[in-house]
Novice: 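Dropping the structure in here first, questions after.
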2 protein chains.
Amino acid sequence: MQLSLRSQLLKGILEGCILSIIKQKQTYGYELSVKLQEFGLSDVSEGSIYPILLRLQKENLIVGEMKKSEAGPNRKYYQLTEGGHNALSEFMYQWESIKEPVDRIIDIKGRRS
Amino acid sequence: MQLSLRSQLLKGILEGCILSIIKQKQTYGYELSVKLQEFGLSDVSEGSIYPILLRLQKENLIVGEMKKSEAGPNRKYYQLTEGGHNALSEFMYQWESIKEPVDRIIDIKGRRS
DNA sequence: ATAAGCTACCTTGTTATGCAAAGTAGCTTA
DNA sequence: TAAGCTACTTTGCATAACAAGGTAGCTTAT
(Lines give C-alpha, C1' and ligand atoms only; values in the text may rest on other atoms or scores of the structure.)
Protein backbone atom coordinates (compact mmCIF):
# COMPACT_ATOMS: atom_id res chain seq x y z
CA MET A 1 0.00 0.00 0.00
CA GLN A 2 2.18 2.76 -1.28
CA LEU A 3 -0.60 5.15 -2.15
CA SER A 4 -2.46 6.25 0.96
CA LEU A 5 -6.20 5.98 1.41
CA ARG A 6 -6.21 9.74 1.54
CA SER A 7 -4.60 10.00 -1.89
CA GLN A 8 -7.25 7.73 -3.29
CA LEU A 9 -10.07 9.69 -1.72
CA LEU A 10 -8.72 12.91 -3.18
CA LYS A 11 -8.95 11.64 -6.75
CA GLY A 12 -11.04 13.96 -8.83
CA ILE A 13 -11.67 16.17 -5.81
CA LEU A 14 -8.54 18.27 -6.02
CA GLU A 15 -9.32 19.31 -9.55
CA GLY A 16 -12.70 20.68 -8.51
CA CYS A 17 -11.26 22.44 -5.48
CA ILE A 18 -8.61 24.15 -7.57
CA LEU A 19 -11.21 25.29 -10.09
CA SER A 20 -13.29 26.69 -7.25
CA ILE A 21 -10.42 28.63 -5.71
CA ILE A 22 -9.38 30.05 -9.06
CA LYS A 23 -12.94 31.11 -9.69
CA GLN A 24 -12.82 33.39 -6.64
CA LYS A 25 -9.91 35.31 -8.07
CA GLN A 26 -6.87 34.87 -10.27
CA THR A 27 -4.48 32.57 -8.46
CA TYR A 28 -1.04 31.11 -9.08
CA GLY A 29 0.30 27.67 -8.30
CA TYR A 30 2.24 28.34 -5.17
CA GLU A 31 -0.62 30.36 -3.71
CA LEU A 32 -2.90 27.40 -4.32
CA SER A 33 -0.68 25.13 -2.29
CA VAL A 34 -0.87 27.56 0.61
CA LYS A 35 -4.63 28.03 0.33
CA LEU A 36 -5.41 24.33 0.16
CA GLN A 37 -3.29 23.93 3.26
CA GLU A 38 -5.24 26.65 5.04
CA PHE A 39 -8.53 25.08 4.10
CA GLY A 40 -7.43 21.85 5.73
CA LEU A 41 -6.22 19.79 2.78
CA SER A 42 -2.87 19.60 4.42
CA ASP A 43 -0.85 17.01 2.56
CA VAL A 44 -1.41 18.31 -0.94
CA SER A 45 2.00 19.01 -2.41
CA GLU A 46 3.16 20.90 -5.49
CA GLY A 47 3.77 17.54 -7.11
CA SER A 48 -0.02 17.26 -7.20
CA ILE A 49 -0.91 20.84 -7.94
CA TYR A 50 1.24 21.70 -10.93
CA PRO A 51 0.31 18.62 -12.93
CA ILE A 52 -3.35 19.44 -12.33
CA LEU A 53 -2.85 23.01 -13.51
CA LEU A 54 -1.16 21.80 -16.67
CA ARG A 55 -3.96 19.34 -17.28
CA LEU A 56 -6.68 21.92 -16.73
CA GLN A 57 -4.89 24.24 -19.10
CA LYS A 58 -4.62 21.55 -21.75
CA GLU A 59 -8.34 20.91 -21.43
CA ASN A 60 -9.01 24.63 -21.84
CA LEU A 61 -10.66 24.92 -18.44
CA ILE A 62 -8.22 27.59 -17.27
CA VAL A 63 -5.80 30.01 -18.91
CA GLY A 64 -2.48 31.09 -17.44
CA GLU A 65 -0.61 34.35 -17.70
CA MET A 66 2.90 35.08 -16.45
CA LYS A 67 3.18 38.23 -14.36
CA LYS A 68 6.08 40.01 -12.73
CA SER A 69 6.34 39.66 -9.01
CA GLU A 70 7.59 42.57 -6.92
CA ALA A 71 9.34 40.18 -4.61
CA GLY A 72 10.51 36.73 -5.60
CA PRO A 73 10.18 34.78 -8.84
CA ASN A 74 7.50 35.58 -11.39
CA ARG A 75 4.09 34.03 -11.03
CA LYS A 76 1.74 32.34 -13.44
CA TYR A 77 -1.78 33.52 -12.70
CA TYR A 78 -4.69 31.37 -13.78
CA GLN A 79 -8.34 32.15 -14.38
CA LEU A 80 -11.34 30.09 -15.46
CA THR A 81 -12.53 29.85 -19.01
CA GLU A 82 -16.19 29.30 -19.82
CA GLY A 83 -15.44 25.60 -20.04
CA GLY A 84 -13.91 25.89 -16.60
CA HIS A 85 -17.08 27.32 -15.15
CA ASN A 86 -19.07 24.48 -16.66
CA ALA A 87 -16.63 21.88 -15.36
CA LEU A 88 -16.86 23.39 -11.88
CA SER A 89 -20.65 23.21 -11.96
CA GLU A 90 -20.47 19.59 -13.01
CA PHE A 91 -18.02 18.87 -10.23
CA MET A 92 -20.22 20.47 -7.60
CA TYR A 93 -23.20 18.48 -8.81
CA GLN A 94 -21.31 15.19 -8.77
CA TRP A 95 -19.79 15.93 -5.40
CA GLU A 96 -23.19 16.48 -3.82
CA SER A 97 -24.64 13.42 -5.48
CA ILE A 98 -21.90 11.27 -4.01
CA LYS A 99 -21.53 12.96 -0.64
CA GLU A 100 -25.12 12.42 0.37
CA PRO A 101 -25.32 8.67 -0.29
CA VAL A 102 -21.96 8.11 1.36
CA ASP A 103 -23.00 10.01 4.47
CA ARG A 104 -26.17 7.97 4.62
CA ILE A 105 -24.27 4.72 4.26
CA ILE A 106 -21.66 5.35 6.92
CA ASP A 107 -24.13 7.04 9.25
CA ILE A 108 -26.72 4.31 9.50
CA LYS A 109 -25.64 3.34 12.94
CA GLY A 110 -27.28 5.00 15.92
CA ARG A 111 -29.10 7.74 14.09
CA ARG A 112 -32.65 8.78 14.63
CA SER A 113 -35.07 8.77 11.75
CA MET B 1 -12.03 11.45 -21.12
CA GLN B 2 -13.00 7.84 -21.05
CA LEU B 3 -13.27 7.56 -17.32
CA SER B 4 -16.01 9.78 -15.98
CA LEU B 5 -15.53 12.39 -13.29
CA ARG B 6 -17.88 10.30 -11.21
CA SER B 7 -15.62 7.26 -11.48
CA GLN B 8 -12.71 9.32 -10.31
CA LEU B 9 -14.63 10.73 -7.38
CA LEU B 10 -15.64 7.25 -6.29
CA LYS B 11 -12.06 6.08 -5.95
CA GLY B 12 -11.41 4.90 -2.44
CA ILE B 13 -14.97 5.73 -1.46
CA LEU B 14 -16.62 2.53 -2.63
CA GLU B 15 -14.35 0.41 -0.51
CA GLY B 16 -15.38 2.28 2.62
CA CYS B 17 -19.05 2.13 1.74
CA ILE B 18 -18.91 -1.60 1.18
CA LEU B 19 -17.16 -2.12 4.50
CA SER B 20 -19.84 -0.06 6.19
CA ILE B 21 -22.71 -2.00 4.65
CA ILE B 22 -21.13 -5.32 5.52
CA LYS B 23 -20.64 -4.14 9.08
CA GLN B 24 -24.40 -3.73 9.50
CA LYS B 25 -24.95 -7.37 8.68
CA GLN B 26 -23.52 -10.23 6.64
CA THR B 27 -23.98 -9.35 3.00
CA TYR B 28 -23.24 -10.94 -0.36
CA GLY B 29 -22.03 -9.33 -3.57
CA TYR B 30 -25.23 -9.10 -5.50
CA GLU B 31 -27.07 -7.71 -2.50
CA LEU B 32 -24.42 -5.01 -2.24
CA SER B 33 -25.03 -3.88 -5.78
CA VAL B 34 -28.72 -3.51 -5.00
CA LYS B 35 -28.13 -1.68 -1.73
CA LEU B 36 -25.64 0.78 -3.19
CA GLN B 37 -28.19 1.49 -5.87
CA GLU B 38 -30.87 2.12 -3.26
CA PHE B 39 -28.62 4.45 -1.33
CA GLY B 40 -28.16 6.55 -4.46
CA LEU B 41 -24.85 5.30 -5.80
CA SER B 42 -26.61 4.34 -8.96
CA ASP B 43 -23.96 3.52 -11.55
CA VAL B 44 -21.90 1.15 -9.47
CA SER B 45 -21.77 -2.14 -11.34
CA GLU B 46 -20.69 -5.64 -10.39
CA GLY B 47 -17.50 -5.01 -12.33
CA SER B 48 -16.62 -2.65 -9.50
CA ILE B 49 -18.04 -4.55 -6.58
CA TYR B 50 -16.61 -8.04 -7.00
CA PRO B 51 -13.04 -6.91 -7.54
CA ILE B 52 -13.31 -4.82 -4.38
CA LEU B 53 -14.61 -7.80 -2.43
CA LEU B 54 -11.71 -9.94 -3.63
CA ARG B 55 -9.27 -7.23 -2.68
CA LEU B 56 -10.76 -6.74 0.77
CA GLN B 57 -10.62 -10.45 1.31
CA LYS B 58 -6.99 -10.63 0.25
CA GLU B 59 -6.19 -7.85 2.71
CA ASN B 60 -7.99 -9.76 5.46
CA LEU B 61 -10.52 -7.01 6.02
CA ILE B 62 -13.45 -9.31 5.34
CA VAL B 63 -14.05 -13.05 5.25
CA GLY B 64 -16.43 -14.83 2.90
CA GLU B 65 -18.50 -17.92 3.35
CA MET B 66 -20.56 -19.71 0.70
CA LYS B 67 -24.12 -20.47 1.72
CA LYS B 68 -26.97 -22.25 0.03
CA SER B 69 -29.69 -20.10 -1.33
CA GLU B 70 -33.30 -21.26 -1.22
CA ALA B 71 -33.98 -19.60 -4.52
CA GLY B 72 -31.34 -18.98 -7.15
CA PRO B 73 -27.59 -19.55 -7.16
CA ASN B 74 -25.61 -19.86 -3.95
CA ARG B 75 -24.36 -16.74 -2.25
CA LYS B 76 -21.05 -15.77 -0.72
CA TYR B 77 -21.72 -13.91 2.50
CA TYR B 78 -19.07 -11.56 3.86
CA GLN B 79 -18.43 -10.17 7.29
CA LEU B 80 -15.82 -7.82 8.73
CA THR B 81 -12.67 -8.99 10.45
CA GLU B 82 -11.07 -6.96 13.19
CA GLY B 83 -8.83 -5.40 10.56
CA GLY B 84 -11.95 -4.55 8.62
CA HIS B 85 -13.40 -2.63 11.56
CA ASN B 86 -10.17 -0.70 11.88
CA ALA B 87 -10.07 0.05 8.17
CA LEU B 88 -13.64 1.29 8.31
CA SER B 89 -12.82 3.62 11.21
CA GLU B 90 -9.87 4.98 9.29
CA PHE B 91 -12.04 5.51 6.23
CA MET B 92 -14.67 7.41 8.19
CA TYR B 93 -12.03 9.62 9.71
CA GLN B 94 -10.41 10.40 6.35
CA TRP B 95 -13.77 10.98 4.71
CA GLU B 96 -14.74 13.58 7.30
CA SER B 97 -11.36 15.26 7.12
CA ILE B 98 -11.72 15.67 3.39
CA LYS B 99 -15.43 16.43 3.20
CA GLU B 100 -15.25 19.46 5.45
CA PRO B 101 -12.46 21.33 3.64
CA VAL B 102 -14.02 20.58 0.27
CA ASP B 103 -17.40 21.88 1.35
CA ARG B 104 -15.75 25.03 2.64
CA ILE B 105 -13.86 25.52 -0.60
CA ILE B 106 -16.75 25.07 -3.00
CA ASP B 107 -19.21 26.93 -0.82
CA ILE B 108 -17.42 30.26 -0.58
CA LYS B 109 -19.20 31.96 -3.41
CA GLY B 110 -22.61 30.44 -2.67
CA ARG B 111 -24.13 33.52 -1.04
CA ARG B 112 -23.06 36.63 -2.88
CA SER B 113 -22.84 37.38 -6.58
C1' DA C 1 30.64 36.86 -1.08
C1' DT C 2 28.39 33.23 0.49
C1' DA C 3 25.19 30.54 2.71
C1' DA C 4 20.56 29.71 4.02
C1' DG C 5 15.92 29.84 3.17
C1' DC C 6 11.94 31.22 1.11
C1' DT C 7 9.36 31.72 -3.21
C1' DA C 8 7.88 29.75 -7.59
C1' DC C 9 7.69 26.72 -11.36
C1' DC C 10 8.21 22.00 -13.90
C1' DT C 11 8.79 16.76 -14.93
C1' DT C 12 9.08 11.62 -14.43
C1' DG C 13 7.68 7.21 -12.80
C1' DT C 14 4.94 4.45 -9.76
C1' DT C 15 0.70 2.60 -8.20
C1' DA C 16 -4.09 1.93 -7.09
C1' DT C 17 -8.70 1.95 -8.49
C1' DG C 18 -13.19 2.12 -11.01
C1' DC C 19 -15.37 -0.27 -14.40
C1' DA C 20 -16.52 -1.84 -19.12
C1' DA C 21 -16.87 -6.10 -21.11
C1' DA C 22 -16.91 -10.66 -21.26
C1' DG C 23 -17.84 -15.14 -19.31
C1' DT C 24 -20.13 -19.05 -16.37
C1' DA C 25 -24.01 -21.01 -14.29
C1' DG C 26 -28.35 -21.92 -11.27
C1' DC C 27 -33.24 -21.13 -10.79
C1' DT C 28 -38.03 -19.63 -12.23
C1' DT C 29 -41.73 -18.66 -15.27
C1' DA C 30 -44.07 -18.63 -19.56
C1' DT D 1 -37.35 -23.97 -24.99
C1' DA D 2 -36.56 -19.56 -24.16
C1' DA D 3 -36.32 -15.57 -21.59
C1' DG D 4 -34.93 -13.29 -17.61
C1' DC D 5 -33.50 -12.89 -13.19
C1' DT D 6 -29.96 -14.09 -9.80
C1' DA D 7 -25.05 -14.56 -8.60
C1' DC D 8 -20.11 -14.88 -8.96
C1' DT D 9 -15.49 -14.13 -11.64
C1' DT D 10 -11.72 -12.30 -14.56
C1' DT D 11 -9.08 -9.26 -17.91
C1' DG D 12 -7.42 -5.02 -19.45
C1' DC D 13 -7.37 -0.09 -19.63
C1' DA D 14 -7.51 4.87 -18.41
C1' DT D 15 -6.48 8.01 -15.01
C1' DA D 16 -5.03 10.73 -10.92
C1' DA D 17 -2.19 11.66 -6.74
C1' DC D 18 2.24 12.43 -5.46
C1' DA D 19 7.03 11.27 -4.09
C1' DA D 20 11.17 12.72 -5.64
C1' DG D 21 13.81 14.92 -8.38
C1' DG D 22 15.06 19.41 -10.74
C1' DT D 23 15.74 24.81 -11.99
C1' DA D 24 15.97 29.42 -10.63
C1' DG D 25 14.93 34.31 -8.57
C1' DC D 26 14.99 37.09 -4.46
C1' DT D 27 16.10 38.37 0.52
C1' DT D 28 18.58 38.35 4.81
C1' DA D 29 22.28 37.14 7.86
C1' DT D 30 26.95 36.00 8.47
Side-chain angles (χ1 to χ4, degrees), chain A residues 1-19 27-37 41-59 61 64-78 87 91 94 98 102, chain B residues 1-19 27-37 41-59 62 64-78 87 91 94 98 102:
Chain A
M1 261 212 281
Q2 217 103 341
L3 245 54
S4 67
L5 165 60
R6 191 176 183 82
S7 298
Q8 291 298 339
L9 288 177
L10 284 173
K11 297 220 172 180
I13 291 179
L14 284 179
E15 196 170 304
C17 288
I18 286 177
L19 284 175
T27 312
Y28 56 98
Y30 189 79
E31 193 183 4
L32 275 170
S33 75
V34 176
K35 281 200 176 180
L36 288 172
Q37 194 95 8
L41 261 24
S42 12
D43 319 319
V44 180
S45 70
E46 302 175 33
S48 304
I49 293 171
Y50 287 106
I52 291 176
L53 288 173
L54 294 176
R55 199 169 71 231
L56 293 175
Q57 210 170 6
K58 207 161 70 181
E59 291 167 0
L61 303 183
E65 181 191 359
M66 215 63 181
K67 290 189 182 178
K68 302 265 178 233
S69 168
E70 289 171 15
N74 292 339
R75 300 160 174 174
K76 198 162 182 185
Y77 283 87
Y78 291 96
F91 166 74
Q94 291 292 343
I98 284 174
V102 171
Chain B
M1 259 212 276
Q2 216 103 339
L3 244 55
S4 67
L5 164 60
R6 191 176 183 84
S7 298
Q8 291 298 340
L9 288 176
L10 284 173
K11 296 215 172 185
I13 291 179
L14 283 180
E15 196 170 306
C17 288
I18 287 176
L19 284 175
T27 313
Y28 56 97
Y30 189 80
E31 192 182 6
L32 275 169
S33 74
V34 176
K35 281 201 176 180
L36 288 172
Q37 194 97 6
L41 260 25
S42 10
D43 318 319
V44 180
S45 70
E46 301 175 36
S48 304
I49 292 170
Y50 287 107
I52 290 175
L53 288 173
L54 294 177
R55 200 169 70 233
L56 292 175
Q57 209 171 8
K58 207 162 67 181
E59 290 166 1
I62 59 176
E65 181 191 358
M66 214 64 180
K67 291 189 182 177
K68 303 263 178 234
S69 169
E70 288 172 14
N74 292 340
R75 302 160 173 174
K76 198 162 182 185
Y77 283 85
Y78 291 97
F91 166 75
Q94 291 292 344
I98 284 174
V102 171

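The sequence lines fix the lettering, A, B, ..., with proteins before strands; numbering per chain opens at 1.
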Novice: Taking all heavy atoms of B/Phe91 and all of A/Leu9, pick out the closest pair and write down the distance.
Specialist: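 So the minimum-distance heavy-atom pair works out to CE1-CD2, 3.8 Å.
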Novice: Please report the distance, rounded to the nearest Å, between CG in A/Leu10 and C1' in C/dA16.
Specialist: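 The distance from CG of A/Leu10 to C1' of C/dA16 comes to 14 Å, rounded to the nearest Å.
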Novice: Rounded to the nearest Å, what distance is computed from the CD atom of residue B/Gln8 to the P atom of nucleotide D/dA17?
Specialist: 7 Å
Novice: Could you tell me the separation between the CD1 atom of B/Ile49 and the P atom of D/dT9, rounded to a whole number of Å?
Specialist: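 Rounding to the nearest Å, CD1 of B/Ile49 and P of D/dT9 are 13 Å apart.
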Novice: Quick check on DNA chain D: between B/Met66 and A/Ile52, whose nearest nucleotide comes earlier from the 5' end?
Specialist: B/Met66
Novice: For A/Ser48, which contact category applies under a 4.0 Å heavy-atom criterion: base, sugar-phosphate, or nothing?
Specialist: base
Novice: Would you say D/dA17 has OP1 or OP2 under 4.0 Å from some side-chain N or O of A/Arg55?
Specialist: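 A/Arg55 to D/dA17 OP1/OP2: side-chain N or O found under 4.0 Å.
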Novice: Tell me, which stems hold DNA chain C, with a stem being 3 or more Watson-Crick or G-U pairs in a row and both distances under 3.5 Å?
Specialist: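 Paired runs of 3+ in DNA chain C: C:1-30 with D:1-30.
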Novice: Which heavy atom in B/Cys17 sits nearest to a heavy atom in B/Leu41, and how many Å separate them?
Specialist: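 Taking every non-hydrogen atom into account, SG-CD2, 4.3 Å.
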Novice: Using OP1 and OP2 only, check whether a side-chain N or O of B/Ser45 sits under 4.0 Å from C/dA20.
Specialist: yes
Novice: Can you list the residues that meet the side chain to side chain donor-acceptor pair (under 3.5 Å) rule with B/Ser7, with sequence neighbours excluded?
Specialist: B/Ser4
Novice: Measure from CG on A/Leu5 to C1' on D/dC18 and round the result to the nearest Å.
Specialist: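 Rounded to the whole Å, the gap is 15 Å.
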Novice: B/Leu5 and A/Gln94: which non-hydrogen atoms are nearest, and at how many Å?
Specialist: CD2-CG, 3.9 Å
Novice: Might you point out which heavy atoms bring A/Leu56 and A/Ile18 nearest each other, and give the distance in Å?
Specialist: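 Scanning both residues completely, I find the closest heavy atoms to be CD1-CG2, 4.0 Å.
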Novice: I need the full list of side-chain hydrogen bond (donor to acceptor under 3.5 Å, both in side chains) pairs touching residues 45-57 of chain A, with sequence neighbours left out, sorted by first then second residue.
Specialist: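 Listed once each, the pairs are A/Glu15-A/Arg55.
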Novice: Measure from CG on A/Leu56 to P on C/dC10 and round the result to the nearest Å.
Specialist: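 So the CG-P distance, A/Leu56 to C/dC10, works out to 13 Å.
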Novice: Take the protein atom NZ of B/Lys58 and the nucleotide atom P of C/dT17, then report the distance between them rounded to whole Å.
Specialist: 11 Å
Novice: How many Å lie between CD on A/Gln94 and C1' on D/dA16, as a whole number?
Specialist: 17 Å
Novice: Do nucleotides 3-8 of chain C as a string where each nucleotide becomes B, S or -: B if the base has a protein heavy atom under 4.0 Å, S if just the sugar-phosphate does, - if no protein is that close.
Specialist: ----BB
Novice: Excluding sequence neighbours, so at least two apart, what forms ring pair (Phe, Tyr, Trp, His ring centres under 6.0 Å) with B/Tyr77?
Specialist: B/Tyr28
Novice: Need to verify one output field. Residue with the more 5' nearest nucleotide on DNA chain C, B/Val44 or A/Pro51?
Specialist: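 Looking at DNA chain C, the more 5' nearest nucleotide goes with A/Pro51.
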Novice: Quick one: A/Ile18 CD1 to D/dA17 C1', roughly how many Å, whole number?
Specialist: 11 Å
Novice: Under the rule for side chain to side chain donor-acceptor pair (under 3.5 Å), what residues qualify as partners of B/Asp43, not counting sequence neighbours?
Specialist: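 Counting only residues at least two positions away or on another chain, B/Asp43 forms a side chain to side chain donor-acceptor pair (under 3.5 Å) with B/Arg6.
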Novice: Quick check: closest heavy atoms across A/Ala87 and A/Leu19, and the distance to 0.1 Å?
Specialist: CB-CD1, 4.1 Å
Novice: Just checking A/Leu54: base, sugar-phosphate only, or nothing, at a heavy-atom cut-off of under 4.0 Å?
Specialist: sugar-phosphate
